[in-house]
Each structure stands twice: as C-alpha cells, then as structure tokens.
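Note that this is a predicted model, so its numbers are computed, not measured.
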Amino acid sequence: MLKLGVLDQSHINEGYDASNALANTLKLAQAADELGYSRFWMSEHHASPSLAHSSPEIMISHVASQTKRIRVGSGGIMLPHYSAYKVAENFRLLEALYPNRIDLGVGRAPGGMPLATRALQEGKFPSMHSADRYPQQIVDLIGYLNDATPSDHRFAGLIAEPSISTIPELWLLGSSGGTAELAAMTGASYAFAQFFGTAGGEDAVTHYKENFQPSVMASVPKSLAAITVSCAETEEEAEYHMRSNDLYFLMLRENRPMPYLPSAKTAAEYPYTPAEKKHIEDTRRFRVVGTPDQVREKLLQFAADYQTDELLIVSAIHDNEARIRSYRLLAEGFDLGQNQQ
C-alpha cells in the first residue's frame with residue numbers, strides 16, 4: 001500500500017508575510033494529520049526572503065503539539081552548519097516530548113547563499129576549503145542517537161541527553177548517488193529529492209538498496225522520494241496552480257530569485273521568452289499535475305520506478321485553500337483515511 005507524506009517549505013506567498021506562511025504550515029499539517037498522511041517534514045533555509053523555515057526543529061515542536069498522529073520531522077537539518085552532538089540533543093528532546101513521532105532528516109546542502117553559510121559556520125572550520133566532514137558527522141550522529149559511540153571515539157562516553165528508550169528515525173536527504181552510498185553504508189534511511197528536478201533518482205535508490213548494510217539504525221533499507229504535485233477537480237485548474245511553482249523555480253534557475261511565491265495570476269501574466277517556456281516544459285516531466293485519477297496513476301508509476309512504498313508530496317500552491325484541497329483530493333484518491341484505520 002503506497003503511503004503519502006508531506007514536505008512543506010513554508011513559502012511566503014505574494015501579498016502575505018512570514019507569519020501567514022507559518023500559520024499556513026500549521027493548517028496544512030493539521031489537515032494532513034486528519035487525512036491520513038504518514039509524515040510531515042519541514043525544510044531548512046537561510047537568508048531566503050521567500051521561505052519562512054529557518055529552524056525546522058522549532059517548527060517540529062510547534063506542529064507536533066498541534067497534531068495527534070502524524071510523524072513530524074525535518075526535511076532536513078543542514079548538518080554541516082552544526083554540531084552533530086547538539087542536533088542529537090535537540091532531536092532526542094523532541095522524541096522524548098513526542099515518542100515515536102519524530103523524524104530527523106539531514107542534508108549536506110547549505111540551504112542558503114554563501115554569505116549565510118559563512119555566518120552559520122563562523123569560527124567552526126579553519127577555512128571554507130576544509131575536508132568534507134559530513135560522512136563523519138553522520139557516523140557521530142548515529143552514535144549519539146543510540147548511545148553507541150565507540151570506545152576509541154574522541155568523545156567516548158558522552159551521552160546526548162535526555163536518555164530515552166526510543167530514537168527518532170534518521171533519514172539522509174539527497175539528490176545524488178553520493179548520499180545514497182552514505183545512507184547504505186551507515187544503515188540509515190534514504191530520501192531522494194526528486195522535486196528539485198534532478199535526474200538519476202531511480203539509479204540512486206537502486207544503489208542504496210543493493211548496497212545497504214544493516215546497522216543499529218535499521219536492519220533493512222527504507223527509502224522514499226519527494227515529488228511536486230498539483231491536484232484539482234479539473235486538469236485546467238491543476239495546471240493553473242502549478243504556474244506559481246513554474247515561475248518561482250524558473251527565477252531561481254536564472255539567478256533572479258523572487259522574494260515570494262508568486263500568485264498563479266502573476267505567473268500567468270509573466271512575459272516568458274521561448275527559451276523559458278521550453279525550460280518549463282522540460283521540467284514538467286518531473287512534476288505531477290492533473291485530476292485525482294491522473295495524479296494517482298502517475299504517482300503509482302513513479303513509486304514503481306523508484307521501488308518505494310512511500311512518497312512525500314510537495315505542493316507550492318499560492319492559494320492555501322487550494323493547496324489543502326489538492327492534498328485532500330489526493331488523500332481521497334488513495335483512500336489514506338481508510339488505510340490509517
């Protein structure tokens with residue numbers, strides 16, 4: 001049975017502010033909880049005027065306190081900015097507050113512009129060209145989460161408090177084969193960020209599963225993929241709402257980031273060049289747009305291609321009511337409420 005979750009980036013919509021974006025995040029999380037979605041992840045971004053999630057661990061606590069069943073997590077914590085020990089402490093505390101409901105998704109990407117990265121890592125490394133410490137950070141994080149740092153570890157015996165009987169699920173987030181290899185080697189779960197529009201996801205998941213090594217984190221491989229979706233009663237309406245996403249990511253590609261998620265009206269009226277229209281057309285093969293039946297068919301094929309039984313749905317729709325309706329129609333198409341029982 002295919003499970004569906006939600007990945008939310010808390011876009012600040014054109015005409016609104018960050019407080020509105022965060023309120024919309026909570027409304028969506030509560031709707032997802034009621035509709036039977038499996039998990040709700042929130043991203044981390046820095047110095048990004050169009051995105052309100054700078055500290056997902058704070059939002060996790062807020063959302064988990066206002067929902068009942070759904071797993072809540074990060075998609076993800078940008079680990080190179082931080083101490084693996086402090087991240088373990090944060091998420092063990094969250095797990096203690098909300099047992100068996102917390103996901104710790106971590107990534108290697110900076111989640112912002114170089115200036116923000118320098119500020120976040122100020123004084124941490126002798127130079128910005130230091131060796132890649134991310135693989136060792138993952139090993140350290142697993143040790144701290146499980147009270148399992150080896151005896152020869154530089155901080156042997158150190159415990160990430162609070163001491164609890166359960167641990168959050170650890171997911172490595174990536175859009176390349178490198179993260180898949182690291183997830184397989186450490187026995188962590190693996191999430192592929194298909195919504196970036198990156199090719200090669202099927203091969204990355206296959207490599208992860210074929211090379212997975214059981215560990216203290218998991219005995220069998222576990223994977224999911226995140227994909228952009230717009231679902232509506234008619235194909236025309238779904239296409240209309242997807243235009244916000246089209247223009248937003250087009251501007252990112254052209255290094256002209258927008259300070260908000262544009263409305264569908266703004267996107268429809270934008271004077272696209274032939275080259276821009278062609279780019280949007282090309283990226284649509286990574287998106288799923290249509291009626292509930294059309295979207296269901298495409299997602300089932302997508303899950304089969306990725307050999308996974310879980311997908312995270314990303315819907316950058318300006319109208320929050322239309323966004324929630326898109327998730328509702330999708331949940332009804334997959335009988336998520338029935339599957340929950």
Side-chain angles (χ1 to χ4, degrees), residues 5-35 37-78 81-82 87 90-91 93-95 97-98 101-107 109-113 116 119-120 168 173 193 195 226 228-230 241 244-245 248-249 251-252 257-264 266 312-328 331:
V6 178
L7 174 60
D8 177 69
Q9 296 178 295
S10 205
H11 286 95
I12 299 173
N13 294 332
E14 180 182 3
Y16 296 91
D17 59 16
S19 293
N20 173 261
L22 296 173
N24 286 344
T25 288
L26 179 58
K27 289 177 184 177
L28 178 60
Q30 291 173 326
D33 191 29
E34 294 174 358
L35 291 169
Y37 281 86
S38 58
R39 61 186 86 236
F40 189 91
W41 285 4
M42 290 163 282
S43 59
E44 175 182 326
H45 294 278
H46 303 283
S48 300
S50 64
L51 301 169
H53 287 160
S54 55
S55 298
E57 55 270 57
I58 293 177
M59 284 300 296
I60 289 169
S61 185
H62 178 57
V63 168
S65 72
Q66 301 296 314
T67 52
K68 299 176 181 178
R69 173 204 56 85
I70 196 168
R71 296 190 66 90
V72 186
S74 56
I77 298 296
M78 300 296 100
H81 297 322
Y82 311 116
V87 172
N90 284 343
F91 278 80
L93 178 55
L94 287 167
E95 177 71 16
L97 290 169
Y98 310 102
R101 289 186 59 202
I102 301 301
D103 292 337
L104 170 53
V106 299
M113 301 302 290
L120 286 161
L173 282 56
F195 70 98
T228 297
V229 174
S230 175
H241 290 304
S244 297
N245 184 86
Y248 180 84
F249 279 97
M251 293 296 98
L252 281 179
M258 305 183 77
Y260 47 69
L261 178 71
S263 68
T266 295
L312 287 189
I313 306 303
V314 189
S315 293
I317 295 174
H318 179 273
D319 182 332
N320 198 54
E321 293 305 315
R323 183 167 74 137
I324 291 176
R325 187 165 64 252
S326 176
Y327 280 102
R328 184 177 300 279

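- Taking CG of Asp319 as the start and OG of Ser263 as the end, the distance is 10.0 Å to the nearest 0.5 Å.
- Here the straight-line distance linking atom CD1 of Ile313 with atom OG of Ser230 works out to 11.5 Å at 0.5 Å rounding.
- Applying the salt bridge (Lys or Arg N to Asp or Glu O under 4.0 Å) test to Arg325 and every residue at least two apart in sequence or in another chain returns Glu233, Glu237.
- The side chain to side chain donor-acceptor pair (under 3.5 Å) test applied to Gln30 returns no partner, not counting sequence neighbours.
- For Ala264, the side chain to side chain contact (heavy atoms under 4.5 Å, CB included) partners two or more places apart in sequence, or in a different chain, are Tyr240, Ser244.
- Take Ser55 and apply the side chain to side chain contact (heavy atoms under 4.5 Å, CB included) test, not counting sequence neighbours, and it matches Glu57, Ile58.
- Within 6.0 Å of OH on Tyr16 lie no more than 12 heavy atoms contributed by other residues, nucleotides or ligands.
- Of all heavy-atom pairs spanning Leu173 and Gly105, the tightest one is CD1-CA, 3.5 Å.
- A heavy-atom distance below 4.5 Å is not found between the side chains of Leu261 and Ser50.
- Ser54 pairs by the side chain to side chain donor-acceptor pair (under 3.5 Å) definition with nothing, not counting sequence neighbours.
- Residues passing the side chain to side chain donor-acceptor pair (under 3.5 Å) test with Asn24, sequence neighbours excluded: Asn20, Asn320.
- Shortest non-hydrogen contact noted between Asp33 and Ile70 is OD1-N, 2.9 Å.
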With side chain to side chain contact (heavy atoms under 4.5 Å, CB included) as the test, would you mind laying out the steps for Ile317 and Ser326 before giving the verdict?
CA-CA 9 Å; Ile317 295 174; Ser326 176; 3.9 Å; yes
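- Residues passing the ring pair (Phe, Tyr, Trp, His ring centres under 6.0 Å) test with His241: none are found, sequence neighbours excluded.
- In plain terms, the two heavy atoms of Ser10 and Leu22 that are nearest each other are OG-CD2, 3.6 Å.
- Partners of Tyr327 under the ring pair (Phe, Tyr, Trp, His ring centres under 6.0 Å) rule, at least two apart in sequence or in another chain, are Tyr37.
- Rounded to the nearest 0.5 Å, atoms CD (Gln9) and OH (Tyr248) are 7.0 Å apart.
- Formation of a donor-acceptor pair under 3.5 Å by the Ser315 side chain with backbone atoms of Val229 is found in this model.
- Judged by distance alone, the side chain of Tyr98 and the main-chain N or O of Ser61 form a donor-acceptor pair under 3.5 Å.
- Every residue meeting the side chain to side chain contact (heavy atoms under 4.5 Å, CB included) condition with Ile60, not counting sequence neighbours, appears here in chain and number order: Met42, Val72, Ser74, Phe91, Leu94, Ile102.
- Within the structure, every pair that satisfies the salt bridge (Lys or Arg N to Asp or Glu O under 4.0 Å) test and touches residues 7-19, not counting sequence neighbours, is listed here: Asp8-Arg323.
- Contact of the Leu120 side chain with the Met78 side chain is not registered, since no non-hydrogen atoms from C-beta on lie closer than 4.5 Å.
- For the atom pair CD of Glu321 and CZ of Arg328, the computed distance is 9.5 Å after rounding to the nearest 0.5 Å.
- When all heavy atoms of Pro56 and Ile77 are compared, the closest pair comes out as CG-CD1, 3.6 Å.
- For the residue pair Val63 and Ala29, the shortest heavy atom distance occurs at CG1-CB, 3.5 Å.
- Applying the ring-ring contact (aromatic ring centres under 6.0 Å, His included) test to pairs two or more places apart or on separate chains, those with a residue in residues 38-59 are Trp41-Trp171, His46-His81.
- If you take NE2 on His11 and NE2 on His318, they are separated by 11.5 Å, rounding to the nearest 0.5 Å.
- Applying the salt bridge (Lys or Arg N to Asp or Glu O under 4.0 Å) rule to Arg39 yields the partners Asp103, Glu169, Glu310; only residues at least two apart in sequence or on another chain are considered.
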